[in-house]
Trainee: 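I have a structure here, written as structure tokens, and I will follow up with some questions on it.
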Amino acid sequence: KVLDEMKSSGFMPNNFHYNQLLKALASVSDIEERRKHALELYLRMLDDNLTPDTSSLILIRKQLSPQSDKVVKKQKK
């Protein structure tokens with residue numbers, strides 16, 4: 001939704017904006033939901049003709065990794 005609002009106001013999101021959204025996914029407790037959103041963001045980056053940078057790829061990998069579920073559980077403690 002945030003990306004759609006940015007685009008509708010004439011502002012094109014860049015890698016920084018996508019990376020911020022990818023970082024925010026770490027707070028999503030449902031790992032399947034987190035994975036789904038990470039993949040959606042990756043595909044949207046490609047649709048926006050952006051090349052994911054190293055930070056983007058690391059963040060996506062963290063969200064797709066089974067280990068990412070352990071990180072969220074530790075953060076909740």
Trainee: Which residues pass the side chain to side chain donor-acceptor pair (under 3.5 Å) test with Glu40, sequence neighbours left out?
Mentor: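 Per chain and number, Glu40 pairs via side chain to side chain donor-acceptor pair (under 3.5 Å) with His37.
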Trainee: Can you list everything that forms a side chain to side chain donor-acceptor pair (under 3.5 Å) with Asp4? Sequence neighbours excluded, please.
Mentor: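 So Asp4 forms a side chain to side chain donor-acceptor pair (under 3.5 Å) with Arg44.
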Trainee: Is Met12 linked to Met6 within one hydrophobic cluster, defined over Ile, Leu, Val, Met, Phe, Trp and Tyr using a side-chain heavy-atom separation of less than 4.5 Å?
Mentor: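 Different hydrophobic clusters.
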Trainee: Would you please name every residue forming a side chain to side chain donor-acceptor pair (under 3.5 Å) with Lys23, sequence neighbours left out?
Mentor: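 In terms of side chain to side chain donor-acceptor pair (under 3.5 Å), with neighbours along the sequence ignored, Lys23 is linked to no residue.
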Trainee: Establish, from distance only, whether the side-chain atoms of Ser56 and Asn19 form a donor-acceptor pair under 3.5 Å.
Mentor: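 Looking only at side-chain atoms, Asn19 and Ser56 do form a donor-acceptor pair, the distance falling under 3.5 Å.
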Trainee: Compare every heavy atom of Leu25 with every heavy atom of Leu41, then report the nearest pair and how far apart it is.
Mentor: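 In terms of heavy atoms, the two residues are closest at CD1-CD1, 4.0 Å.
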Trainee: Verify, without hydrogens or angle tests, whether Asn15 (side chain) and Thr51 (backbone) share a donor-acceptor contact under 3.5 angstrom.
Mentor: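 Present.
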Trainee: Measure the spacing between OG of Ser65 and CD of Gln63 and express it to the nearest 0.5 Å.
Mentor: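 Between atom OG of Ser65 and atom CD of Gln63 there are 9.5 Å.
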Trainee: For Leu59 and Tyr18, run side chain to side chain contact (heavy atoms under 4.5 Å, CB included): C-alpha distance rounded to whole Å, both residues' side-chain angles, the deciding distance at 0.1 Å, then the answer.
Mentor: CA-CA 10 Å; Leu59 289 165; Tyr18 278 96; over 6 Å; no
Trainee: Passes side chain to side chain contact (heavy atoms under 4.5 Å, CB included), Asp48 versus Leu3? Steps please.
Mentor: CA-CA 11 Å; Asp48 285 346; Leu3 296 171; 5.7 Å; no
Trainee: Under 4.5 Å between side-chain heavy atoms, counting indirect links through other Ile/Leu/Val/Met/Phe/Trp/Tyr residues: same cluster for Ile60 and Leu43 or not?
Mentor: yes
Trainee: List in chain and number order the residues that pass ring pair (Phe, Tyr, Trp, His ring centres under 6.0 Å) with His17, two or more places apart in sequence or in another chain; answer none if no residue qualifies.
Mentor: Phe11
Trainee: Which residues pass the side chain to side chain donor-acceptor pair (under 3.5 Å) test with Glu32, not counting sequence neighbours?
Mentor: Arg35
Trainee: Quick check for you: to the nearest 0.5 Å, what is the distance between Leu64 atom CG and Ile31 atom CD1?
Mentor: 9.0 Å
Trainee: Enter the distance from Leu22:CG to Arg34:CZ here, rounded to the nearest 0.5 Å.
Mentor: 12.0 Å
Trainee: Using side-chain heavy atoms (C-beta onward) and a distance below 4.5 Å, is Pro13 in contact with Val2?
Mentor: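 Side-chain contact under 4.5 Å: no.
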Trainee: With sequence neighbours excluded, what pairs up with Ile58 under the side chain to side chain contact (heavy atoms under 4.5 Å, CB included) test?
Mentor: Thr54, Lys62
Trainee: To the closest 0.5 Å, what do you measure between OH (Tyr42) and CG (Asp47)?
Mentor: 11.0 Å
